Amino acid sequence: QVQLVESGGGLVQAGGSLRLSCAASGRTFSTYTNMAWFRQVPGKEREFVAGIQWSAGNTDYGDSVKGRFTISRDNAKNTVYLQMNRLKPEDTAVYYCAARQGWLGPIQMDRNAYPDWGQGTQVTVSS
């Protein structure tokens, strides 16, 4: 049974930075082909934030975070990161790590493409 565990959320002022981490237990990331970060606020759909192809390292981002957020991975630590800079109040959400296996195509932005999820970590950006 795989578990994805996010950490690094918290309260930050607008313009500040946070780095989220997603670590796996029970299965190494090497069995995953894609990892992604999504976020969700109450009453809204879960939104794609960033994705990475584990082997090639290719990345993609949601339009609202391009140029501010960076997704990366550390194979040795079985960890995916989301570096969030120049945070805005509208970035406030619960952030989720997601993963899938066996997909060698383009990075998927559809949450239904990812079967494995973490429990989420709250990010709050004050104005």
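Since this is a predicted model, take the numbers as computed values, not measurements.
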Let me confirm one number: the [atom1]-[atom2] distance from [X] to [Y], rounded to the nearest 0.5 Å.
{"X": "Thr59", "Y": "Met35", "atom1": "OG1", "atom2": "CE", "value": "14.5 Å"}
{"X": "Thr70", "Y": "Leu82", "atom1": "OG1", "atom2": "CG", "value": "8.0 Å"}
{"X": "Leu20", "Y": "Gln83", "atom1": "CG", "atom2": "CD", "value": "9.0 Å"}
{"X": "Gln108", "Y": "Thr33", "atom1": "CD", "atom2": "OG1", "value": "10.0 Å"}
{"X": "Tyr81", "Y": "Cys97", "atom1": "OH", "atom2": "SG", "value": "12.0 Å"}
{"X": "Asp60", "Y": "Ile52", "atom1": "CG", "atom2": "CD1", "value": "11.0 Å"}

*Evaluate side chain to side chain contact (heavy atoms under 4.5 Å, CB included) for Trp117 paired with Arg46, printing each intermediate quantity in order.*
CA-CA 12 Å; Trp117 291 84; Arg46 194 165 291 190; 3.4 Å; yes
*asked:* Below 30° counts as parallel, above 60° as perpendicular, anything between as tilted: where do the rings of Tyr95 and Phe69 land?
replied: tilted
*Report the residue from Tyr114, Phe38, Trp37, Tyr96 that forms a ring-ring contact (aromatic ring centres under 6.0 Å, His included) with Phe48.*
Phe38
*Pick from Glu47, Glu90, Glu6: which one makes a salt bridge (charged side-chain N to carboxylate O under 4.0 Å, His left out) with Arg39?*
Glu47
*Determine, stepwise, if the pair Leu87 / Gln13 fulfils side chain to side chain contact (heavy atoms under 4.5 Å, CB included).*
CA-CA 8 Å; Leu87 282 160; Gln13 287 189 330; over 6 Å; no
_Any residue meeting side chain to side chain contact (heavy atoms under 4.5 Å, CB included) with Val41, in chain and number order, not counting sequence neighbours_ =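 Only Lys44, Ala93 meet the side chain to side chain contact (heavy atoms under 4.5 Å, CB included) criterion with Val41.
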*Can you list the residues that meet the side chain to side chain contact (heavy atoms under 4.5 Å, CB included) rule with Ala76, with sequence neighbours excluded?*
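Scan of Ala76 (side chain to side chain contact (heavy atoms under 4.5 Å, CB included), adjacent residues dropped) gives Asp74.
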[X] and [Y]: which non-hydrogen atoms are nearest, and at how many Å?
{"X": "Asn58", "Y": "Ile107", "value": "O-CD1, 3.4 Å"}
{"X": "Ser17", "Y": "Asn85", "value": "OG-OD1, 2.9 Å"}
{"X": "Tyr61", "Y": "Ala50", "value": "CD2-CB, 3.5 Å"}
{"X": "Ala14", "Y": "Ser127", "value": "CB-CA, 4.4 Å"}
{"X": "Thr79", "Y": "Ala23", "value": "OG1-CB, 4.1 Å"}

*Which of these, Arg73, Gln101, Arg100, sits in a side-chain contact (heavy atoms from CB on, under 4.5 Å) with Tyr32?*
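Only one of Arg73, Gln101, Arg100 forms a side-chain contact (heavy atoms from CB on, under 4.5 Å) with Tyr32, namely Gln101.
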*Would you call Thr92 and Gln122 a side-chain contact if the rule is heavy atoms closer than 4.5 Å?*
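Yes, at least one pair of side-chain atoms sits under 4.5 Å.
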*Chi angles and distances behind the side chain to side chain contact (heavy atoms under 4.5 Å, CB included) call for Leu4, Asp116*: CA-CA 8 Å; Leu4 301 175; Asp116 293 335; 4.1 Å; yes
_Lys88 and Asp91: CA distance, side-chain angles, deciding distance, salt bridge (Lys or Arg N to Asp or Glu O under 4.0 Å) verdict_ = CA-CA 5 Å; Lys88 304 175 182 180; Asp91 294 318; over 6 Å; no
*Taking it one step at a time, do Asn75 and Trp54 satisfy side chain to side chain contact (heavy atoms under 4.5 Å, CB included)?*
CA-CA 8 Å; Asn75 294 29; Trp54 191 257; 3.6 Å; yes
*Report whether Val12 and Met84 are members of the same hydrophobic cluster (ILVMFWY, side-chain heavy atoms less than 4.5 Å apart, transitive linking).*
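Shared cluster, yes.
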